[in-house]
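Since this is a predicted model, take the numbers as computed values, not measurements.
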Amino acid sequence: MRTEPSFRTIAFLGNYVPRKCGIATFTSDLLGAVAARHPRCQCFAVPVNDIQGYYQYPDAVRFEIEEQKLDSYQRAADFLNSSSVDVVSLQHEFGIFGGPAGSHIVALLRELEVPVVTTLHTVLLKPNADQHRVMRNLIAHSTRLVVMTERGQSILQDVYRTPADKIDLIPHGIPDVSFVAPDCYKVQLGVSGKRVLLTFGLLSPNKGIEYALNALPDIVAEFPDVVYILLGATHPNEVRTRGEAYRCGLEAIVQRNNLYNNVIFDNRFVALKELTAFIGAADLYITPYLDEAQISSGTLAYAFGAGKAVISTPYWHAAELLKNQRGVLVPFGDSKTIAREVTALLRDESRRNAMSANAYRLGREMVWSHTAGLYMASFELARRQGTAAQGPGVAQRQYAPGRHAAPEVNLSHLYQMTDSTGILQHATLTAPNLSEGYCTDDNARALILAVLLSQMGDVPRRVEALVRTYTAFLHDAFDSTTRRFHNFLGIDRRWLDKQGSEDSHGRAIWALGTMVGRAPHWSSGRMAGKLFLDALPALTDFTSPRAWAFGLIGIHEYLRRLNGGRLASEVGEELTGRLMTIFEKVAQPGWLWFEEGLSYDNAKLAHALIASGCATGRQGAIEHGIDALRWLVDVQTSRHGWLRPIGSNGFYERNGTRADFDQQPIEAHSTVSACLEAYRTTADPWWYEEAQRAFDWFLGWNDLGEELYCPQTGGCRDALHADRGNENQGAESTLAFLLSLAEIRLIQNPATALREASQATPGT
């Protein structure tokens, strides 16, 4: 005899009573049924709050998630991980979680260390991009998936490529009620002697109630004693957005057709005991819903399982449940057919009774006591399988180091973002955002990229034009009076600041030094060299370690060609000493770093020391740089083995809490570049593998399994949020990817040919 699985603790995540919605009722009923079947198992709920303030939850609730606060989901994951939970039962509907298409739930799932069984209350055949991304992550992070219909099962396999053996088909649970003749309940509700039609549930326009009301005059003409009960409050979301407009419209139909004696509006969300009486009193149950893609309906399941003859539109759940004459299906939005089928069933008592008996018999397989057993079997499978299954495209896989073929260089988006002035800062999706103008930071990065591209074989004329454009931008940005660079330029070609930041100045020095050190014969290298020397002295007045680091890398590049340049050497010695000093002051075991916190462009600090130490023969600088970079790489490696950059949403203060998001492409690039510098300096292949690991972050080896690089456009998404990628492809992110790609390809094969992927020209 097979014994029931034994669990210590099961957590149920979803809306929960007293919140008034179908998911809340379902979660509460499922928890209660499992707890009743397994009294030794501790069952608790983690609901999602959609209002300011809190619901008066029962004792089963142990933690509450605030719907729109992403960090609340992350705290919930920490709570669940620390609660000795055997399995988490997640109820999923796109609209109950925060973020685009409810994407905040992905942040929670990604951090869970226990098996997850996700019940999908909606399975879309034609999801939009956000919905498809969220569903893909749900599938990836769930150990098992539960659907309530065969249609949902087939959509999961056909649309989302879900393995069949990961899916469990479990019907919507229902309360176990006795099969009693309607007259017994009619007396209780005060409708004795009436023919009762019923629709219950939260009201909203997609329910199609107006079509049933418009059918009523034809029904009443033959059966004057008909009463149509509309039981249910208006959906809270509908009330918040449009008030009672839908209900008022329904009442207007009643008034227009003089149906006051035939329609009862009961604007309440009733408890199960009272709901059972309403269902029991019904001769016919009607669901005139308008959304064909509705994959589950608790109200339909309740009425059918209670033994009601049902007339419904053919949304997916109804079409499957009522097939083979188990109910009557009518076209969407067709009042005439509703009237015809209702009157036909009211005339034919024997057919109606047979339909009711058949529904009640089949409904015994749906009662919660039986459904709970099916869920426990799914939970047991999930516990045996552990956390989410491994597989291609799944964020829970383990990073496999190895040399991978780099993508081809595609400059389409770079060309699109560049006009005759320079490269624009931001983009809305892939379209340049003209209103945000330009900045020296990005044009300096763009110049570095263009120079690196010039070393990758035959140089297209467009790349030559890019070099001239970006060099001219830096020349115009330099104020010969203050000896500082402006940073922000409006679209009207007016500088928006008196002088730019120290970091933007340092980046300009880096770009100009790269131009001089690697300048091809056709370039504006002479102008860059003069500008480099004019701007260099200001570096020694700066206090920003990153500005020092950018400047040092620029000096290193400059001295590649002009070794012996006195000013560059002197400034380089000064800045190297400063970085050495702050490292020696701050670093200690467990925190081998230059500052008391990790913020942005972190690896550039270590990169600068390694490059400068190598150029000047200062072994101490190389050692400090290598030690710092090795520590940073360790800090930035997730338990799955891929790069996890320090997040910009809080950064990481020493002895504080590390921010894992938002992850920025600039961090991946700075890590790639620094590790390649360490590889060139030490010849240790480990550093090349670390550079490749950081580069692979762009290609989907990251916390979300999301590819940041878009090979179709040649652009890169702006950030990796906790629940999704940022869809905008701005200059900084695109340059970060292209710079990483150029450096990887140059070290793999310095003679790599540049593929022109776009026929566009700069400025078009």
Side-chain angles (χ1 to χ4, degrees), residues 422 438-452 454-455 464 466-487 489 495 497-579 604 607-609 611-618 621 677:
Y438 316 80
C439 70
T440 293
D441 282 318
D442 288 335
N443 278 274
R445 296 183 184 104
L447 177 57
I448 296 167
L449 172 64
V451 172
L452 294 182
S454 73
Q455 298 188 304
E464 297 181 26
L466 293 179
V467 171
R468 289 191 292 270
T469 297
Y470 303 141
T471 304
F473 185 97
L474 295 184
H475 183 269
D476 189 64
F478 187 68
D479 186 331
S480 59
T481 302
T482 63
R483 300 283 170 168
R484 292 288 300 274
F485 289 94
H486 294 285
N487 194 13
L489 181 69
W495 291 105
D497 51 17
K498 291 184 178 179
Q499 66 180 28
S501 65
E502 293 183 2
D503 286 1
S504 66
H505 191 104
R507 284 195 180 91
I509 293 290
W510 172 17
L512 294 167
T514 302
M515 180 71 176
V516 172
R518 300 174 183 250
H521 68 277
W522 44 261
S523 70
S524 306
R526 190 168 298 178
M527 181 179 74
K530 181 180 184 307
L531 192 54
F532 175 90
L533 294 175
D534 287 344
L536 189 62
L539 281 176
T540 58
D541 296 327
F542 293 168
T543 59
S544 165
R546 278 162 188 74
W548 302 341
F550 300 148
L552 269 175
I553 296 171
I555 290 169
H556 172 66
E557 293 288 341
Y558 178 89
L559 294 176
R560 286 163 60 104
R561 174 164 291 185
L562 299 177
N563 190 17
R566 183 175 178 182
L567 177 60
S569 297
E570 290 175 351
V571 173
E573 285 287 333
E574 169 68 19
L575 298 183
T576 300
R578 291 186 188 182
L579 283 180
K604 277 288 173 276
H607 182 173
L609 268 192
S612 180
C614 185
T616 61
R618 294 180 67 167
E677 189 66 44

List the atom of G577, the atom of R618, and the distance in Å for their closest heavy-atom pair.
N-NH1, 4.1 Å
Any non-hydrogen side-chain atom of Q499 less than 4.5 Å from a side-chain atom of D479?
no
Of all heavy-atom pairs linking A511 and L474, the shortest is CB-CD1, 4.1 Å
dist K530:NZ -> L512:CG (nearest 0.5 Å) comes out at 12.0 Å
Heavy-atom check, side chain of L575 versus side chain of F542, under 4.5 Å:
no
Give the minimum heavy-atom separation between V467 and A450, together with the two atoms involved.
CG2-CB, 3.5 Å
Counting distance only, does the side-chain N/O of N487 pair as donor-acceptor with the main-chain N or O of D441 below 3.5 Å?
yes
Could you report the tightest heavy-atom contact between A528 and V516, atom names first, then the distance?
C-CG2, 4.0 Å
In Å and rounded to the nearest 0.5 Å, what is the NE2 to OG distance from H486 to S504?
10.5 Å
Got a sec, which residues hit ring pair (Phe, Tyr, Trp, His ring centres under 6.0 Å) with W510, two or more places apart in sequence or on another chain?
F550
Between A621 and T576, what is the shortest heavy-atom contact and its length?
CB-CG2, 4.1 Å
Does the pair F478 and W495 meet the rule for a ring pair (Phe, Tyr, Trp, His ring centres under 6.0 Å), with working shown?
CA-CA 11 Å; F478 187 68; W495 291 105; over 10 Å; no
Within this structure, what is the CG-CD distance for the pair L536 and E570, rounded to the nearest 0.5 Å?
10.0 Å
With a 3.5 Å distance limit and no angle check, can you tell me whether T540 reaches the backbone of P537 through a side-chain donor-acceptor pair?
yes
Rounded to the nearest 0.5 angstrom, the CG-CG distance for D476 and L489 is 7.0 Å
Any chance you could measure R578, atom CZ, to L609, atom CG, to the nearest 0.5 Å?
13.5 Å
Using a 4.5 Å cut-off on heavy atoms from C-beta on, say whether the side chain of R560 contacts that of E557.
yes
Working to the nearest 0.5 Å, report the span between CG of N443 and CZ of R507.
12.5 Å
Mind checking what makes side chain to side chain donor-acceptor pair (under 3.5 Å) contact with D442, not counting sequence neighbours?
R445
Does any N or O in the side chain of E502 come within less than 3.5 Å of the main-chain N or O of A547, such that one atom is a donor and the other an acceptor?
no
Provide the closest heavy-atom pair for R483 versus A538 in the form atom of the first, atom of the second, distance.
O-CB, 3.9 Å
Do the side chains of T440 and F473 get nearer than 4.5 Å, heavy atoms only?
yes
Between H505 and F485, what is the ring plane arrangement, given parallel below 30°, perpendicular above 60°, and tilted in between?
perpendicular
So, do S569 and L559 sit near enough that their side-chain heavy atoms are less than 4.5 Å apart?
yes
